[in-house]
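Heads up, the thing below is written out as structure tokens.
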Amino acid sequence: MLDLKFIRENPDEVKKTLKDRGMEADVDELLCLDEERRELLSRAEELKHCRNTVSDEIGKLKRQEKDASGQIKEMKTASQKIKSLDAKVGDIDKTIRQLALNIPNMPHVSVPVGKSPQDNVEVRRWGEPPKFDFEPLSHRDIADALGIIDFRAASKLSGRGFALYRGLGAKLERALINFMLDLHTTKHGYTEVFPPFMVKRDCMVGTGQLPKLEEDMYRCEADDLFLIPTAEVPITNIHRDEILRAEDLPVYYCSYTACFRREAGSYGKETKGLVRVHQFDKVELVKFVKPETSYQELESLLREAEEVLQQLGLHYRVLSLCTADISFAAAKCYDLEVWAPGERRYLEVSSCSNFSDFQARRAGIRYRPEKGGGAKYVHTLNGSGIALPRTVVALLETYQQKDGSVPIPEVLRPYMGGLDRIEAQN
RNA sequence: GGAGAGGUGGCCGAGCGGCUGAAGGCAGCUGCCUGCUAAGCAGUUGAGGGGUGAAUAACUCCUCCCCGGGUUCGAAUCCCGGCCUCUCCGCCA
């Protein structure tokens with residue numbers, strides 16, 4: 001959510017942002033309501049001031065056992081007026097909030113202006129796509145031949161869009177999780193967090209999944225709990241409605257969780273195999289930082305996510321998303337796309353965003369810049385570090401051999417009991 | 001799931017329906033004092049919003065004692081609903 005005061009003072013900039021993002025929202029109506037609200041508020045406050053002073057007088061009169069029935073009568077009607085004014089202000093507040101929630105974050109000046117994902121800018125590539133002297137297979141065929149992922153069993157259990165990892169496949173998943181967590185906690189200074197996978201509605205609102213994306217979330221109706229779509233939700237909400245101490249910033253958390261997404265409305269080619277599933281594993285990176293450092297922090301967050309792919313030896317590219325493609329809450333966003341030779345395309349495995357104070361305002365996460373100073377909103381950032389299934393896709397497809405075996409990248413071997421390749425199991 | 005208790009400022013902890021935005025303590029900050037040990041004395045220290053204003057200066061007003069309703073001229077204080085925490089019992093991986 002943007003600061004109302006900011007919208008009031010910079011309506012044209014806000015409108016330009018909406019245009020750049022290809023979105024619509026009624027800024028003028030918002031401003032009009034805002035003005036009306038302030039006027040009503042002034043009137044209500046004047047009356048309240050009057051009520052406060054007269055009520056004091058009544059108290060004094062009563063203590064002296066004098067008559068106060070005139071004042072009481074007067075205040076009775078004043079109270080009614082206050083009530084109706086407050087109600088009006090409350091209604092307008094709701095509408096304003098609704099309108100304000102539909103206004104996206106202001107993109108950073110460095111974000112490319114564009115109309116569609118085609119206008120995203122490639123920032124860099126790392127490594128080379130592998131060359132094969134045979135026709136590379138898709139991860140589904142590789143995994144099937146090796147017996148490490150059983151899609152048939154998964155759909156028997158849970159329907160389409162799920163995977164069941166078996167044997168070395170399950171071990172590989174576990175190895176990847178541990179490798180990533182160890183990298184971020186030991187080398188990049190993150191604190192590991194293992195949160196609940198179900199959260200209350202408040203949390204989903206705090207990070208912005210609700211109300212807009214309720215259809216995409218799994219919900220346990222009896223308790224009104226939601227399965228988390230990403231660790232971003234519980235982790236960001238750790239400090240909801242808190243004022244952090246300046247000396248504790250920056251705060252870095254990394255977290256492995258399963259993620260649950262209904263992916264309502266996505267069918268077709270993408271839904272085969274591991275590319276888009278309802279439940280997947282992900283290691284997430286979350287930062288709470290001082291505003292003046294947040295763009296530096298975004299760069300380091302991106303590097304930290306990239307390092308996972310580098311150490312795994314997977315070719316990838318980095319995109320700076322354009323105004324039309326960055327998410328609603330983001331001020332700037334990089335996507336990390338890994339090359340999948342069998343799919344013959346790049347797959348998004350991480351999205352690293354700086355939300356500036358947009359998410360913090362909504363979730364009430366502040367810090368006190370200096371002693372005696374007022375509390376300010378922190379800047380929040382997050383990025384996957386990284387999502388597992390597509391990494392597995394890229395890994396299997398990149399390292400596949402003609403004989404069907406898949407060598408394991410060096411860095412994962414300690415996590416695989418020293419094993420150096422996956423071969424067909426019985 | 002059953003039976004109780006409770007949620008007050010950075011923390012601990014008082015609080016009678018009006019004199020409480022909130023006693024007292026701790027911690028922090030600012031002075032002063034002092035060679036006796038992180039001692040003493042005084043002052044000061046919450047958040048959000050509105051108005052006047054060039055102002056991140058100043059003044060002023062409103063709101064906030066878990067959240068949301070209600071009673072009342074007036075509610076931290078009374079009533080109802082919700083959320084959370086704790087204790088005891090039961091059940092269970």
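So that the names make sense, note that chain A is the first sequence line, chain B the second, and so on, each numbered from 1. The structure presented is a predicted model; accordingly, all values stated were derived computationally and were not measured.
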*Using the C1' atom as the reference point in each nucleotide, state the distance between B/G46 and B/A76 in Å, no decimals.*
16 Å

*State the pairing partner of B/C33; accept Watson-Crick or G-U wobble contacts with both distances under 3.5 Å, and report none otherwise.*
none

*A/Met75 or A/Ala44: which one's nearest nucleotide on RNA chain B is closer to the 5' end?*
A/Ala44

*Which one is paired to B/G1, where only Watson-Crick or G-U wobble pairs with both distances under 3.5 angstrom count?*
B/C89

*B/C64 pairs with, by Watson-Crick or G-U criteria that keep both distances under 3.5 Å*: B/G46

*If the P atom of B/G68 is compared with that of B/U63, how far apart are they to the nearest Å?*
15 Å

*asked:* Can you work out whether A/Cys50 or A/Lys376 has the more 5'-proximal nearest nucleotide on RNA chain B?
replied: A/Lys376

_Suppose you measure atom P in B/C66 against the same atom in B/G15; what distance do you get, rounded to whole Å?_
15 Å

*In Watson-Crick or G-U wobble terms, both distances under 3.5 Å, what is the partner of B/G18?*
B/C73

_Check: A/Asp67/A/Ser69 side-chain N/O donor and acceptor closer than 3.5 Å_ = yes

*Find the distance A/Asp86:CG to B/G74:C1' and express it as a whole number of Å.*
15 Å

*asked:* In whole Å, I'd like the distance from the CG atom of A/Leu61 to the C1' atom of B/C73.
replied: 12 Å

*Parallel, tilted or perpendicular: which fits the ring planes of A/Tyr190 and A/His188, with parallel below 30° and perpendicular above 60°?*
perpendicular

*Nearest to the side chain of A/Ser55, which nucleotide is it out of B/C73, B/U63, B/C83?*
B/C73

_Does the plane of the ring in A/His239 sit parallel, tilted or perpendicular to the ring in A/Tyr253? Use 30° and 60° as the thresholds._
parallel

*Counting side-chain heavy atoms from CB outward, which of B/G48, B/C73, B/C62 is closest to A/Lys62?*
B/C73

If you restrict it to nitrogen or oxygen atoms, what contacts under 3.5 Å exist between nucleotides 49-51 of chain B and the protein, and what is each distance?
from  : atom 1 : to      : atom 2 : distance (Å)
B/G49 : N2     : A/Glu45 : OE1    : 3.4
B/G49 : N2     : A/Glu45 : OE2    : 3.4
B/G50 : OP1    : A/Arg8  : NH2    : 3.3
B/G50 : O2'    : A/Ser42 : OG     : 3.3
B/G51 : OP1    : A/Arg38 : NE     : 3.0

*Side-chain donor-acceptor pair present, A/Thr323, A/Lys115, cut-off under 3.5 Å*: no

*N/O (side chain, A/Asn52) to phosphate O (OP1/OP2, B/C62) under 4.0 Å*: yes

*Does A/Glu284 come within less than 4.0 Å of A/Lys282, counting only side-chain N to carboxylate O?*
yes

*Should B/A38 form a Watson-Crick or G-U wobble pair with both distances under 3.5 Å, which nucleotide is its partner?*
none

*asked:* As a quick check of understanding, evaluate side-chain hydrogen bond (donor to acceptor under 3.5 Å, both in side chains) for A/Lys332 and A/Ser320, giving each step before the final call.
replied: CA-CA 8 Å; A/Lys332 183 167 186 173; A/Ser320 176; 5.1 Å; no

*Would you mind reading off the distance between A/Gln64 atom CD and B/C19 atom C1', rounded to a whole angstrom?*
12 Å

*asked:* Let's go through A/Tyr377 and A/Asp3 carefully: what are the C-alpha distance in whole Å and the side-chain angles of both, what is the deciding distance for side-chain hydrogen bond (donor to acceptor under 3.5 Å, both in side chains) to 0.1 Å, and is it a yes or a no?
replied: CA-CA 11 Å; A/Tyr377 290 106; A/Asp3 186 5; over 6 Å; no

*Can you check whether A/Ser79 has a side-chain N or O nearer than 4.0 Å to OP1 or OP2 of B/G74?*
yes

Could you pull out the protein-nucleic contacts involving nucleotides 64-72 of chain B (nitrogen or oxygen on both sides, under 3.5 Å)?
from  : atom 1 : to      : atom 2 : distance (Å)
B/U71 : OP2    : A/Lys83 : NZ     : 3.2

*In whole Å, what separates the P atom of B/C67 from that of B/C83?*
16 Å

_Counterpart base for B/C59, defined by Watson-Crick or G-U wobble contacts under 3.5 Å_ = B/G51

*asked:* If you compare every side-chain N and O of A/His49 against the phosphate oxygens of B/C61 (OP1, OP2), does one of them come in below 4.0 Å?
replied: no

_Would you measure the distance from the P atom in B/U45 across to the matching atom in B/C59 and give it in whole Å?_
12 Å

*asked:* What's A/Lys73 touching, base or sugar-phosphate or nothing? Going by heavy atoms closer than 4.0 Å.
replied: nothing

_Residue matched to B/G6 through Watson-Crick or wobble contacts both under 3.5 angstrom_ = B/C84

